[in-house]
Amino acid sequence: MIRVSVDPAPIELAVEVAALEARGAGGVATFTGIVRGDDGVTALELEHYPGMTEASLVALAEAAMARWDLLGVTIVHRVGAMAVGERIVFLGTAAHHRREALDACAFLIDRLKTDAPFWKREHRGGATRWVEARHSDEAAAQRWSGIGD
Amino acid sequence: MIRVSVDPAPIELAVEVAALEARGAGGVATFTGIVRGDDGVTALELEHYPGMTEASLVALAEAAMARWDLLGVTIVHRVGAMAVGERIVFLGTAAHHRREALDACAFLIDRLKTDAPFWKREHRGGATRWVEARHSDEAAAQRWSGIGD
Amino acid sequence: MDLLYFAWVREAVGTGQETVEPPAGVETIAALIDWLATRSPGHAEAFREPARLRAAIDQQFVPLDAALGSAREVAIFPPVTGG
Amino acid sequence: MDLLYFAWVREAVGTGQETVEPPAGVETIAALIDWLATRSPGHAEAFREPARLRAAIDQQFVPLDAALGSAREVAIFPPVTGG
């Protein structure tokens, strides 16, 4: 089961987790990204490429299903304006074996960072700034390159 | 912040995640173990060593805090009788960097499997059977051995 | 050819979408970027440093030296920063 | 010395807790296990295969060749299976 959602509404973590837990797996791994308020950030905006975004997330989920023995993959990314402390992204995997669930979850967040067309803009009071991509994200995504990918 | 709980009550995942998300971290990683109903299992019982259990989980959380830059670690293990589909264990980590949160979460579940005094008994209808430890769990825990551990 | 711009590229150009007919000889994304830079001061600002840009053809990421071929939709944007 | 048993060890012995005074010469967990096996048919069943057993002294895991020393609480149980 693959579930992909790109939505301006807040991410309902309990609902997403419940759906993964209902897959009959022995384990569910999740990663949730949250808007950090340190460094003076007061709000965040997420822009994306409608159409390509959803397709790239489905491709990412399919890559995870092909690589690991998973019963479910969920990718939910929020777009639009969000406040400090709110969830930006939720990745979840359900598997019989914990290693598969955890590795797949790490893969999803690493690859999402480089493979999905989202752009973040930070607000600091009245000022705004587009976030720069980080080389460390490229390196993290490269970690998963290889056969069967 | 370390939170450890060993409790016969059902694990309140949403409450546990909310507490981790409130730590101000950029990311929260979780792993939840669930009672699987395949293989004819109808229920599960968890026995533990009161006192040593809590101490071993606190030591495990402290080892994770020492090894990675974490803002929070939560370990909740259910004990007593539980039904198929219910949560056995919840591990959660909060960190500024996703790699730290994810690696620490994997460490916690691998080590908990070998370092905490719990014993599982499976029910299949009227029959019961103590679950045998798996060599693969020893190997997974060994993965984390090394300096600073 | 439909062009889409995102993030600060969109802001600099002043629109997120335009339809263009590049002249003969503009056969790669890189050549398209150079040509777009000549269209207005906003375009010049957006397309001044190709190394800061990334692109997709028909919703697939491509390197800047990719041939335009029969592209219907070309998107130009900064490196992605989701997650 | 307080002894604690868990899981099938507890069930075989028939109790989860007992207080014993091992004779002189019982100086390791392994020796304690051998001596315990002589105490009753249930003990014999529980302690027949030391390789299947694990132990803790004062709530710290120890190998079976660990010295009992001044242990107050010794626990004997199967390999753990939590998580």
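Reminder, nothing fancy here: chain letters follow the sequence lines and each chain counts from 1.
- For chain A, the nearby part of B:R143 is the side chain; its heavy atoms alone come within less than 4.5 Å.
- Among residues 34-47 of chain A, the residues having any heavy atom closer than 4.5 Å to a heavy atom of chain B are, in sequence order, A:I34, A:R36, A:D38.
- The CG atom of A:D115 lies 11.0 Å from the CG atom of A:L108; values are rounded to the nearest 0.5 Å.
- A search for side chain to side chain contact (heavy atoms under 4.5 Å, CB included) contacts involving B:A104 returns B:W68, B:L70, B:T93, not counting sequence neighbours.
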For residues 5-12 of chain A, tabulate all N or O donor-acceptor pairs below 3.5 Å that involve a side-chain atom, not counting sequence neighbours.
{"residue": "A:D7", "atom": "OD1", "partner": "A:A9", "partner atom": "N", "Å": "2.7"}

Assess the residue pair B:T74 and B:V76 against the criterion (side chain to side chain contact (heavy atoms under 4.5 Å, CB included)); give the C-alpha distance rounded to whole Å, side-chain angles, the decisive distance to 0.1 Å, and a yes or no.
CA-CA 7 Å; B:T74 297; B:V76 182; 3.7 Å; yes
For a side chain to side chain contact (heavy atoms under 4.5 Å, CB included) check, start with the C-alpha distance between A:Y49 and A:F118, then their side-chain angles and the critical distance, and finish with the verdict.
CA-CA 7 Å; A:Y49 184 166; A:F118 293 101; over 6 Å; no
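- Put simply, of A:G24, A:A14, A:G26, the one with the most heavy-atom pairs under 4.5 Å next to chain B is A:G26.
- Interatomic distance, CZ of B:R87 versus CD of B:E16, reported as 10.0 Å (0.5 Å rounding).
- Residue contact with chain B, scored on non-hydrogen atoms closer than 4.5 Å, involves the side chain of A:L13 exclusively.
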Passes side chain to side chain contact (heavy atoms under 4.5 Å, CB included), B:E54 versus B:H77? Steps please.
CA-CA 10 Å; B:E54 292 80 355; B:H77 206 296; over 6 Å; no
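- Contacts of A:A25 with chain B are made by backbone atoms alone, with heavy-atom separations under 4.5 Å and no side-chain atom involved.
- Ion pairing between A:R124 and A:E122 holds under the 4.0 Å rule for side-chain N and carboxylate O.
- Comment: A:R67 does not engage A:D103 in a salt bridge, judged by the lack of any side-chain N to carboxylate O separation of less than 4.0 angstrom.
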When you look at A:L112 and A:V89, which way does the side chain to side chain contact (heavy atoms under 4.5 Å, CB included) test go after all the steps?
CA-CA 10 Å; A:L112 184 149; A:V89 65; 4.1 Å; yes
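- Proximity to chain B among residues 125-139 of chain A is limited to A:R134, A:D137, judged by heavy-atom separations below 4.5 angstrom.
- When each of A:L102, A:V17, A:I88, A:L20 is scored by its heavy-atom pairs under 4.5 Å with chain B, the top score falls to A:L102.
- Not one N or O on the side chain of B:R23 forms a donor-acceptor pair closer than 3.5 Å with the backbone of B:A94.
- Atoms CZ and CZ, from B:F90 and B:R3 in turn, are 9.5 Å apart once rounded to the nearest 0.5 Å.
- Heavy-atom distances place both the backbone and the side chain of A:V28 under 4.5 Å from chain B.
- No part of B:A18 comes within reach of chain A, as not one of its non-hydrogen atoms sits under 4.5 angstrom from that chain.
- In this structure, B:L91 CG and B:L60 CG are separated by 7.5 Å, a value rounded to the nearest 0.5 Å.
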